[in-house]
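Per chain, numbering begins at 1; letters A, B, ... match sequence-line order.
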There are 2 protein chains.
Amino acid sequence: MLAGTDSPQSATAPRTTATGEANRERILDAALARFARTGLSGTRIDEIAADAGLSKTNLLYYFRTKNALYLAVLRRTLEMWLEPLRQIDAGRDPQAALAHYVTRKLEAARDCPEASRLFALEVMRGAPMLSGMIAGDLKDLVDAKVALLRHWQAEGRIGVHEPHHLLFHIWAMTQHYADFAVQVEGLTGRTLDDPAFFEQALQAILAAVSGMAFGPPKD
Amino acid sequence: MLAGTDSPQSATAPRTTATGEANRERILDAALARFARTGLSGTRIDEIAADAGLSKTNLLYYFRTKNALYLAVLRRTLEMWLEPLRQIDAGRDPQAALAHYVTRKLEAARDCPEASRLFALEVMRGAPMLSGMIAGDLKDLVDAKVALLRHWQAEGRIGVHEPHHLLFHIWAMTQHYADFAVQVEGLTGRTLDDPAFFEQALQAILAAVSGMAFGPPKD
DNA sequence: GTCTATAAGCGGATAGAC
DNA sequence: GTCTATCCGCTTATAGAC
């Protein structure tokens, strides 16, 4: 699944005590915030430790190396990123399913932009820690959803564009508000935390998706 | 415009000789490729020097510090990134103008994905070197284009979504193919260099833009 | 302009006391 | 589990010969 990992806990401290688990969580939270902003190499572990209220040495007690910590953060964030996609299922009406997916993704961009940015940074580096996953779990999931979209196409329930692009563009538009939040706020003065702004963004994305999937008859 | 710069050439070597200028160009090219992949902190200047066929010390003769080199790369890449937006002008038909813009942006994503990734990385860091620009030149340009889109709206020539979102979504979709190229290729096995794939992506984006700007009458 | 050598500092990681 | 002290490698940047 993830490259460079031997066993799930191999690079981390052994036991599960009360304070131990709490500290691990605080470290992981602080690490996500830092890594998502400044990347692996741009983040210093003493910054993470300070954010988590620990000393650098103490952090290294819980996570033996910076890289092991980074991998732990990546692993913990994976499911959160993938989960909305799983919810597109054959049992739903295509339009409702896509609208639901877009909404979930935009909520994720609002509620946990760090997850989006972490993966964006990792992919832009060439995804050295995720390449196995992109070729594996993610590809399997995407292939399944693409097959479903093709099925809907064959039934004439959605439009004719290549399904991969539909998924890419949904990812692109929703994640843009997380990944480029600084730019969005700089240009508009607003963020997704503003409900009216969220709704504007959502409606525009839904209109775009409609254009791709239920677009105007070309005849 | 750019934070931290005194005068245009202050941090660089003085003269413009034949080999000098050629070396500077090769360094800037190599630096763009590296910075766009691994970011400022993740890139070592001896890697850039090696790519450019020079020694590290020699690189530091042309650019006194790594940061000065990074700024020079950023500055040189700015225009390339902004220029397509300037071409949306009032004299054109809205649909043609937007289609032209989308096409230019997707060509840029294909032909110079590094430029897109460099700015993506910079914005995700919080744009410390670009914040002045986002609040300045870029905002002025975007405001002007948003005003034009609102004008077209008032004339009933394009749809009703907030123009900012239309621009954001065009950026998001086109730049996705540059910024997430590794993921796109991992999931589809194809790249924008494949003309058929380029055309698929372009048509899907144009359909999305149509959905936002010329969407189906809601009545 | 380009080289060799080296200074200087940062940051990850370890040792060992408590 | 947490601390102090320290080591060590890596990378930027400089000095000075050619």
Side-chain angles (χ1 to χ4, degrees), chain A residues 4-6 9-31 33-35 37-74 125 128-129, chain B residues 4-6 9-31 33-35 37-74 125 128-129:
Chain A
T5 53
D6 311 5
Q9 303 289 354
S10 67
T12 62
R15 261 290 75 81
T16 303
T17 56
T19 60
E21 203 52 35
N23 280 341
R24 293 176 63 86
E25 288 303 315
R26 291 221 311 284
I27 293 169
L28 287 168
D29 289 342
R34 289 282 182 177
F35 286 141
R37 179 140 295 243
T38 46
L40 176 57
S41 57
T43 302
R44 294 194 308 271
I45 55 174
D46 60 344
E47 292 172 337
I48 297 171
D51 290 352
L54 281 76
S55 68
K56 180 175 65 166
T57 344
N58 202 8
L59 180 149
L60 286 168
Y61 168 77
Y62 290 102
F63 298 92
R64 280 186 153 70
T65 68
K66 185 193 196 183
N67 217 49
L69 172 58
Y70 181 75
L71 275 167
V73 173
L74 215 50
R125 295 201 303 161
M129 308 271 192
Chain B
T5 51
D6 311 7
Q9 303 290 354
S10 67
T12 60
R15 260 294 75 80
T16 303
T17 55
T19 61
E21 203 50 36
N23 280 343
R24 293 176 64 86
E25 289 302 316
R26 291 221 312 284
I27 292 170
L28 287 167
D29 290 342
R34 289 281 182 178
F35 286 141
R37 177 137 299 239
T38 47
L40 176 57
S41 57
T43 302
R44 295 194 308 271
I45 55 175
D46 61 344
E47 292 172 339
I48 297 171
D51 290 353
L54 280 78
S55 69
K56 179 177 62 170
T57 350
N58 203 6
L59 180 149
L60 286 167
Y61 168 77
Y62 289 102
F63 299 91
R64 280 185 152 73
T65 67
K66 185 194 196 181
N67 217 48
L69 173 57
Y70 182 75
L71 275 168
V73 173
L74 216 47
R125 296 203 300 164
M129 308 272 191

Counting only side-chain nitrogens and oxygens, does [X] get under 4.0 Å of the OP1 or OP2 atom of [N]?
| X | N | value |
| --- | --- | --- |
| B:Thr57 | C:dC3 | no |
| A:Asn67 | C:dA13 | no |
| B:Tyr61 | D:dA13 | no |

Grab the two heavy atoms, one from [X] and one from [Y], that are nearest each other, plus how far apart they are.
| X | Y | value |
| --- | --- | --- |
| B:Ser41 | A:Thr38 | OG-O, 4.5 Å |
| A:Ile27 | A:Ile48 | O-CG2, 3.9 Å |
| B:Leu59 | B:Ile45 | CD1-O, 3.8 Å |

From the options D:dT2, C:dT2, D:dA13, select the nucleotide whose nearest atom is closest to the side chain of A:Asn23.
D:dT2

Nearest listed nucleotide, side chain of B:Asn58, among C:dG11, C:dT2, C:dA13
C:dT2

Could you state the [atom1]-[atom2] distance from [X] to [N], rounded to the nearest angstrom?
| X | N | atom1 | atom2 | value |
| --- | --- | --- | --- | --- |
| B:Asp46 | C:dC3 | CG | C1' | 16 Å |
| A:Leu60 | C:dG16 | CG | C1' | 16 Å |
| A:Arg64 | C:dA13 | CZ | P | 12 Å |
| A:Ile45 | C:dT14 | CD1 | P | 10 Å |
| B:Arg24 | C:dT2 | CZ | P | 12 Å |
| B:Lys66 | C:dG9 | NZ | C1' | 14 Å |
| A:Arg26 | D:dT2 | CZ | C1' | 13 Å |
| B:Arg44 | C:dG9 | CZ | P | 22 Å |

B:Leu28 and B:Phe63, any side-chain heavy atoms less than 4.5 Å apart:
yes

Is A:Ser41 touching bases, backbone alone, or none of the nucleic acid, heavy atoms closer than 4.0 Å?
nothing

Can you check whether any acceptor in the base of C:dG11 is under 3.5 Å from a donor in the side chain of A:Lys56, or vice versa?
no

Between B:Lys66 (side chain) and B:Thr43 (backbone), is there a donor-acceptor pair under 3.5 Å?
yes

